[in-house]
Amino acid sequence: MNTPSGVFLEAQGGEEDVECFLRGVREQAPPLAVISSVRSGDMTPVAENGFAIRESGGGGNAVQIAPDCDVCPDCLRELFDPADRRYRYPFINCTNCGPRYTIINGIPYDRSYTTMAGFTMCDQCRAEYEDPAHRRFHAQPNACPVCGPSLRLFDSRDNNVDGEPLETAVSLLKRGKILALKGLGGYHLAVDACNDEAVRELRKRKKRDEKPFAIMSPALADIAEFAVFDETEKRLLSGPERPIVLLRKREGNHIAPLIAPANGYFGVMLPYTPLHHLLLRDAFPALVMTSGNLSDEPISYRDDEALRRLADIADFFLTHNREIHTRTDDSVIRVFQGNPIFLRRSRGYVPRGITLPATQKSVLAVGAELKGTVCLTRGDKAFLSQHIGDLQNSATLASMEETVHHLGQILKIEPQVVAHDLHPRRATPPCPYGVLHGGKRVGGSGTRGDFRWYRIRTGWNHLGRRISGRRL
Ligand SMILES: [Zn+2]
Ligand SMILES: [Zn+2]
């Protein structure tokens, strides 16, 4: 069974078999499993046979939530197999791939705590979901064209566009139109990356003068046409996290110059949802795939909000009815002297825990004003949030507040200490935790390095329980 502290297993059999099983747990773990520790002990055998999964239970709080992940090779093969029942189905996934962090709204990680809760599985999907030998056994976002989410294409006044949404979207992009596209963690704005006029128009409407646009290409071979990459960059590009990687431009490439003017690099990524694969394959060597926002505002992720905010930028919207619960931008990495450096650690990596040298009090760190993220610690693990942005407007501040709340909720963390940048003109109030959640700062503040710390004594935290503070 799944418990909030992790997976709990009972196995019985001959000693050798049980040991072999225990080794298998580590050595043959599914691709997305991250095993932080295995603890085992003896039990008295019981007269039971067969295999059963019990209802998820409560208790403990050591659980970790998986990041979102690119389509796995098996699903990709099915996606383009005309004989498969999920042929060209934009929401194909399995236990080895698909959305996670962006659709989870509670724990344990069960379908009822995701934005897939409203979709009832058809008999075929249900059979896969319940079959321990199947790749979709307990794949929470499991879906097919019969029972799962579907696409919708409409114009900037919310009028449906005739025709098959995906094919029509491709032909609109070919004609140089600007498409708002609902992705994993938010909306992108897409245009044909080789169409100078379309890129110019996007830049104008987005009010973005110079900052480069990210590009998505269907395959490494297409990227090699316009950018240069080494083994490390190749590995990063094609890893399941699918970040944007900064790559040196190749001389004489066909990418519109306005994508990254006065810049020696392109920000490039490979497709990471079935929808991306379907949109790009055999259609475009590269699409601009830039965050769906006005400059300096957070990426749009709710449908009505996206329509409102992007109606003046996008000509058309390609969306679907699977809700995004958590806004998450693309991650951005640059390789420097052979080592990857995060310029933005977000989708694909969040909320993977980072191990600290020692167990400590739970800290909420709200970081600095520019390129903000938050961090919550629990025991010897630190959980950094997705990229939130520059905290220079109310929309971004609200996004930070949402993130603190959500991360605390799914990881079951009640911070005892708050740390933030000491800059006196930082946009957040002096004790962000207090203002965010109605708490009140009392006594015991001080400075350590660049950070100010506080003791917090009164007020209610975001989990609705009273908090008390201790020294960091
Ligand atoms: Zn898969
Ligand atoms: Zn189905």
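Predicted, not measured: the structure shown is a model, and the values here were computed from it. Computed from heavy atoms alone, side chains included, the values below leave out hydrogens, waters and symmetry copies.
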* Please confirm whether the backbone N or O of Ser346 pairs with a side-chain atom of Ser331, one donor and one acceptor, at under 3.5 Å? => yes

The reported gap from CG in Leu275 to CG in Leu280 (rounded to nearest 0.5 angstrom) is 9.5 Å

Original post:
Is there a side-chain contact between Arg345 and Thr373, using heavy atoms and a 4.5 Å cut-off?
Top reply: no

Cation-pi check, Arg322 onto Phe119 ring (under 6.0 Å, within 45° of axis):
no

Answer yes or no: is there a donor N or O on one side and an acceptor on the other, between the side chain of Asn253 and the main chain of Arg250, under 3.5 Å?
yes

In short, side-chain hydrogen bond (donor to acceptor under 3.5 Å, both in side chains) pairs touching residues 305-316 with sequence neighbours left out are Arg205-Asp315, Glu297-Arg309, Ser300-Arg309, Glu305-Arg309

Does the distance from a Lys or Arg side-chain N to an Asp or Glu carboxylate O, for Arg302 and Glu402, drop under 4.0 Å? no

| Mind checking whether Thr290 and Leu202 have side chains closer than 4.5 Å, heavy atoms only? | yes

Enclosure of Lys174 NZ (heavy-atom neighbours >12, cutoff 6.0 Å)
yes

In short, Ala286 meets Asp192 closest at the heavy-atom pair O-OD1, 3.9 Å

Between Ser156 and Ala314, the two heavy atoms sitting closest are CB-O, 3.6 Å

Sequence neighbours excluded, the answer for ring pair (Phe, Tyr, Trp, His ring centres under 6.0 Å) partners of Tyr187 is none

- Are side-chain N/O atoms of Asp303 and Thr319 paired as donor and acceptor at under 3.5 Å? no

Are side-chain heavy atoms of Phe229 and Val245 found at a separation under 4.5 Å?
no

Are Arg85 and Cys144 side-chain neighbours, meaning at least one heavy-atom pair lies under 4.5 Å?
-> yes

Sorted by chain and residue number, the salt bridge (Lys or Arg N to Asp or Glu O under 4.0 Å) partners of Asp70 (sequence neighbours excluded) come out as Arg242

Sorted by chain and number, sequence neighbours left out, ring pair (Phe, Tyr, Trp, His ring centres under 6.0 Å) with Tyr101 holds for His406

Residue pairs passing the salt bridge (Lys or Arg N to Asp or Glu O under 4.0 Å) test with at least one member in residues 226-237, sequence neighbours excluded, are Glu231-Lys234, Glu233-Arg248

Residue pairs meeting salt bridge (Lys or Arg N to Asp or Glu O under 4.0 Å), one or both in residues 144-158, sequence neighbours left out, come to Arg152-Asp158

**Asked** Is the side chain of Arg378 donor-acceptor paired with the backbone N or O of Leu411 at a distance under 3.5 Å, no angle test?
**Response** yes

dist Leu278:CG -> Glu167:CD (nearest 0.5 Å) comes out at 10.5 Å

For Asn93, is there any backbone N or O sitting under 3.5 Å from a side-chain donor or acceptor partner on Arg136? yes

Sorted by chain and residue number, the ring pair (Phe, Tyr, Trp, His ring centres under 6.0 Å) partners of Tyr129 (sequence neighbours excluded) come out as His138

Using the side chain to side chain contact (heavy atoms under 4.5 Å, CB included) rule, take Leu153 and Leu318 through it: C-alpha gap first, then chi angles, then the decisive distance, then the call. CA-CA 5 Å; Leu153 180 68; Leu318 183 60; 4.2 Å; yes

Nearest heavy-atom approach of Arg203 to Pro261 is NH2-CD, 3.8 Å

Q: Return yes if a side-chain donor-acceptor contact under 3.5 Å exists between Arg327 and Ser399, otherwise no.
A: yes

Between Ala139 and Cys94 the two heavy atoms that sit nearest each other are CB-C, 3.8 Å

In short, side-chain hydrogen bond (donor to acceptor under 3.5 Å, both in side chains) pairs touching residues 112-123 with sequence neighbours left out are none

In short, salt bridge (Lys or Arg N to Asp or Glu O under 4.0 Å) pairs touching residues 211-225 with sequence neighbours left out are none

| Under 3.5 Å, is there a donor-acceptor pair between the side chain of Asn142 and the main chain of Cys125? | yes

Note to self: For Asp162, is the CG atom crowded, meaning more than 12 foreign heavy atoms sit under 6.0 Å from it?
What the structure shows: no

Exercise. Mind running side chain to side chain contact (heavy atoms under 4.5 Å, CB included) on Leu247 and Phe226 for me, showing each step along the way?
Key: CA-CA 9 Å; Leu247 303 176; Phe226 60 83; over 6 Å; no

**OP:** For the pair Lys177 (side chain) and Ser171 (backbone), establish whether a donor and an acceptor sit closer than 3.5 Å, ignoring hydrogens and angles.
**Re:** no

Salt bridge (Lys or Arg N to Asp or Glu O under 4.0 Å) filter on Glu197, not counting sequence neighbours, yields Arg200

Distance col, row Thr396:OG1 vs Ile388:CD1, nearest 0.5 angstrom, shows 9.5 Å

For Cys375 and Leu384 the tightest heavy-atom approach is CB-CD2, 3.9 Å

Task: Stepwise side chain to side chain contact (heavy atoms under 4.5 Å, CB included) check, Lys371 with Asp390 - done: CA-CA 5 Å; Lys371 299 195 185 295; Asp390 297 346; 3.9 Å; yes

Interatomic distance, CD1@Ile255 vs OG@Ser217, rounded to 0.5 Å, equals 6.0 Å

Is any side-chain heavy atom of Pro165 closer than 4.5 Å to a side-chain heavy atom of Phe154?
-> no

Item to complete: With the side chain counted from C-beta on, respond yes when Val191 and Leu189 share a heavy-atom pair under 4.5 Å apart, and no when they do not.
Response: no

Answer yes or no: is there a donor N or O on one side and an acceptor on the other, between the side chain of Lys182 and the main chain of Phe317, under 3.5 Å? no

*Could you check if a side-chain atom of Ile333 sits within less than 4.5 angstrom of a side-chain atom of Tyr349, using non-hydrogen atoms only?*
yes

Rounding to 0.5 Å, atoms CG (Leu79) and NE2 (His277) come to a distance of 7.5 Å

Do Ile410 and Tyr109 have side chains that get closer than 4.5 Å, going by heavy atoms?
no

Before giving the answer on side chain to side chain contact (heavy atoms under 4.5 Å, CB included), spell out for Leu166 and Leu279 the whole-Å C-alpha distance, their side-chain angles and the decisive distance to 0.1 Å. CA-CA 7 Å; Leu166 199 63; Leu279 203 58; 4.1 Å; yes

So the salt bridge (Lys or Arg N to Asp or Glu O under 4.0 Å) pairs with at least one residue in residues 86-97 (sequence neighbours excluded) are Arg86-Glu128

In this structure, CE of Met269 is separated from OG of Ser238 (nearest 0.5 Å) by 15.0 Å

Contacts of His276 meeting ring pair (Phe, Tyr, Trp, His ring centres under 6.0 Å) (sequence neighbours excluded), chain-then-number -> Tyr272

TODO: Keeping the roles fixed (side chain from Asn321, backbone from Ser150), state whether a donor-acceptor pair exists under 3.5 Å.
DONE: yes

When every non-hydrogen atom of Gln140 is compared with those of Arg111, the smallest separation belongs to O-NH1, 2.7 Å

